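For reference, the structure I am asking about is given below.
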Amino acid sequence: NQSTCVLIHPHIIIRCAISPSLTMDAETSAASAASPATTEPVADAESPEDSGDDDATATATVAPPLATTASDNDATPSEYHPVVIVGGGIGGLVLALCLDRVYNSPSKTDPDVAKALPIHVYESTSAYKSDAGGAIGLYANGLRVLRDLSAPSGATPELLARVREAGCDYVYRRWMRHDGTEVAVAREDELLPDLDPGAGVGVGAGGGAAPPGLKDPEGERADRRPRGGSVRGVLTLPKRLSKLFVAKNNNGSNSDKSESVSTSSTLSTPDSTPREETDATAETSEDIKTTESTAALEEQPKPTVETELLSLGIRRWKYQQVLYEACLQAGIHIHFGKRLHRATTVVKPGSKDPLTCLHFKDGTTVETSLLVGADGINSKVRSYVTNPTPEEDHGEEKEFVPEYTGVTCLMGSANVPRIRGICFPSSATTKCHACYYPTRIPSPGAEATENPNDDREDHEQVFQIYFPSPIERPDTWRTLTPEEAKEECRDLAKRLREDGWHEQFLAPLESETLTGVLRVGLRSREALDCWHVGGNTPSTRGDDAVGEGAETTVGRAVLLGDAAHPPVPYIGQGAQMAMEDAGTLALLLKHFCPLIPTDNQSDESPIQIPDFSNFEKAMEVYESLRVTRTKTILGSSVQLGKTQQRRADSKLYNAWRELSIKAQVWAYGTLPVMRPGAAFDYKAKVEEVLAE
């Protein structure tokens, strides 16, 4: 039961035996894996979507014969894991949970499948940090992924509830001028489809009360607007009038019968009711008829929405904390401090299944049958996917540098009350525009006061201010120190005040409660049409590996999130696209690459690995579903950003744009361009394609 260790030096070779007592057992490893929970997990401030998560202590669940293999390119042994995710941002953590859900969650028919596939996530940062990384919005299309992960039979049944608890519903969507004039207000539930489309017209999830001392007439007007907009209200008017007519006839018929009985009784009874009492009874009957008719109209079935999918704002670090804790709860291994340097292909002697070898900057290596790149816009995995054999290009590894868009964003948060909703103020005189939204409000049971400052600490709003900055200075794109944040925010507030910006937009910048201030330049690059490399190869490891797929010499890898389709943040769908990618990829891998036993099965460690014989087919469907979808949605974001910039160039265009927003919100309830993003159901789409 002894292992052998060989230490190699240019002049000395030492061989020694390692005592089994020094080997980490499963219990020790599991305890070590849970230890990072003592450090409050948070988002990486400098590259929130651009990181990979690792926990180097959590490797003991891998079957011993698979735990290490000798790398052809390294003197030291490499760990082996069937599936490795590089990037511990939102996309990477959600994918880890999705893979655990489809492969490892217990089922009534096959309970032994639980934890058959160990999942490892490698993160470049040393730890998640609290109060960092700005904030994001979560919309229905992304929340559907979390809802599926919250199924009672899964490992994380409370996930969606915990995310909603950590964030704050928007309730309203507001378009405003920089001087505080409201252009239009829409209810946020307009982004959700009706559960019963034929029910009629009514309000959705309801409005949100304004903080004490703040009036919200536009929000109240939005609450009174027919759901689906005035066009839908007009189109359904005949149907509603028909229901009203039927209700009135029914009430009138019942009333006539009652009156006939009453008259008959009066004529046949000697001591009948006096005339005055009869008149009073008739008036009362009319009142009842009117009341019942009104009630019949008001009580008609109203459209309802899935309130658990309503849009919300949440601090990025809080969201990442919830995901991280869910990963630990599910037994997923998170490795920190693992920044990927490059990926290469390793082909073992006698094996037809090439592996992908990850080379980290700390000198360690890991081998895997499938590498998933969720490592953001500066993805190293993307470099491998686009150029897996750099040695054929004279050893030169092509590095892709995203293009700077000329726009810089200053984001942060402050405890400043404001009218409820996500708000988009735009300047008609400069190219500055912004986004404000709540991430915390007082709890429903909190006692309100007349002074809006009394509960100031219970209000938290996030600001994201975009302004042109022609000079690219990536050395300044980072989380600012408290002193830097205070100075820069007050300087920006001064410039915006000179431009005529309303004080409600400047208050967070000048607040003493400023926190998590981040300066970042917006970069973009063309999305890829092919998100994977490596094809159909046998998935078993050994001399007798066989399979129907075509043989390849390139290790498998696939991309998701910013690594495949970097967004600009004007439509709020960047994180949602990554979550959709994760949910879709997990379902397709489960369908096309089911688990198969390894040659190293044991009762204590029933490790299985996916059968990658149909990997190429899985990737064909994955790309057919995701490439067009992401290009369409994120293309809309690019166009919206250009529109915001153009509004300052032309007063005529700005006036037309405001009129267009007003008309669309009045007619349709919200901007129609927002609906395709939120209404998408990734799981239904996958099932539809697989059925075909």
Side-chain angles (χ1 to χ4, degrees), residues 52-56 58-74 76-88 92 95-96 98-100 103-104 116-124 332-335 338-348 351-360 362 364-375 379-385 388 531-542 545 552-560 563 582 585-586 589 593 595-596 598 600 607-613 615 618-619:
D53 277 342
D54 322 10
D55 181 3
T59 59
T61 56
V62 180
L66 297 179
T68 60
T69 60
S71 169
D72 293 342
N73 301 323
D74 298 278
T76 57
S78 297
E79 293 180 1
Y80 169 80
H81 305 301
V83 177
V84 166
I85 301 169
V86 171
L95 175 63
C98 288
L99 290 175
D100 180 73
Y103 279 122
N104 293 333
L117 178 67
I119 300 168
H120 292 257
V121 182
Y122 287 79
E123 161 62 26
S124 63
I332 295 168
H333 309 292
I334 313 293
H335 305 260
K338 293 291 186 179
R339 185 173 294 276
L340 183 64
H341 174 58
R342 62 191 176 97
T344 60
T345 295
V346 174
V347 181
K348 299 297 178 182
S351 172
K352 298 181 180 180
D353 183 16
L355 303 178
T356 305
C357 183
L358 286 67
H359 304 260
F360 296 102
D362 63 1
T364 60
T365 58
V366 172
E367 293 175 358
T368 180
S369 294
L370 176 60
L371 167 62
V372 182
D375 49 342
S379 172
K380 290 290 186 179
V381 180
R382 174 179 170 130
S383 298
Y384 174 71
V385 169
W531 294 5
H532 81 286
V533 70
N536 295 334
T537 57
S539 60
T540 54
R541 307 181 70 203
T552 181
T553 58
V554 177
R556 303 176 197 87
V558 61
L559 303 173
L560 65 79
L585 180 59
L589 287 176
C593 307
L595 293 180
I596 57 174
T598 67
N600 303 288
I607 300 302
Q608 303 182 50
I609 63 175
D611 179 0
F612 289 111
S613 299
F615 176 74
M619 294 301 98

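The first residue of the sequence shown is numbered 1, and numbering continues consecutively from there. Since the structure is predicted, the reported quantities are computational estimates derived from the model, not experimental observations.
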Response to the item:
Closest non-hydrogen atoms of L117 and P82, given as atom of the first, atom of the second and distance, are CD1-CB, 3.8 Å

Discussion item. Please check this pair: side chain of D375 against backbone of V381, looking for a donor-acceptor N/O pair closer than 3.5 Å.
Written reply: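 Judged by distance alone, yes, a pair lies under 3.5 Å.
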
Discussion item. Could you check whether any side-chain heavy atom of C357 comes within less than 4.5 Å of a side-chain heavy atom of V366, counting everything from C-beta outward?
Written reply: no

Worksheet item: Is it the case that D362 and T364 place a side-chain donor and acceptor less than 3.5 Å from each other?
Response: yes

Worksheet item: Which pair of non-hydrogen atoms, one from I85 and one from A374, has the smallest distance, and what is that distance?
Response: CG2-CB, 4.4 Å

Worksheet item: If you round to the nearest 0.5 Å, how far is CZ of F360 from OG1 of T365?
Response: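 One finds 8.5 Å between OG1 of T365 and CZ of F360.
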
Worksheet item: Given N104, which of I119, L99, I332 fulfils the side chain to side chain contact (heavy atoms under 4.5 Å, CB included) condition?
Response: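 Of I119, L99, I332, side chain to side chain contact (heavy atoms under 4.5 Å, CB included) with N104 is met by I119 alone.
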
Fill in: Beyond-backbone contact of K380 with V86, side-chain heavy atoms, under 4.5 angstrom
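The answer is no, as the side chains (C-beta and beyond) never meet within the 4.5 Å cut-off.
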
Worksheet entry | H81 NE2 to L358 CG distance, which is reported to the nearest 0.5 Å |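 Answer rounded to 0.5 Å: 10.0 Å.
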
Worksheet item: Do C593 and Y103 come close enough that some side-chain heavy atom pair is under 4.5 Å?
Response: yes

Worksheet item: Taking C-beta and beyond as the side chain, do P610 and S369 meet within less than 4.5 Å on heavy atoms?
Response: no

Fill in: Residue pair P388 / V533: nearest heavy atoms and the distance that separates them
CG-CG2, 3.7 Å

Practice prompt. List the atom of L589, the atom of M619, and the distance in Å for their closest heavy-atom pair.
Written response: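 The pair with the smallest heavy-atom distance is CD2-CE, 4.3 Å.
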
Worksheet item: Any side-chain heavy-atom pair from S379 and Y384 closer than 4.5 angstrom?
Response: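 No; the side chains remain at least 4.5 Å from each other.
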
Worksheet entry | For the student: nearest non-hydrogen atoms of A582 and C98, plus distance |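 Closest approach of A582 to C98, heavy atoms only: O-CB, 4.1 Å.
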
Worksheet item: Do the side chain of T345 and the main chain of G555 share a donor and acceptor less than 3.5 angstrom apart?
Response: yes

Worksheet entry | Side-chain touch L370/F615, heavy atoms, less than 4.5 angstrom |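 A side-chain contact under 4.5 Å exists here.
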
Discussion item. Are H359 and H341 an aromatic pair, judged by ring center distance below 6.0 Å?
Written reply: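 Between H341 and H359, the centre distance exceeds or equals 6.0 Å.
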
Worksheet item: Going from CH2 on W531 to CG on L585, what distance comes out if it is rounded to the nearest 0.5 angstrom?
Response: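 Output value for this atom pair is 10.0 Å.
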
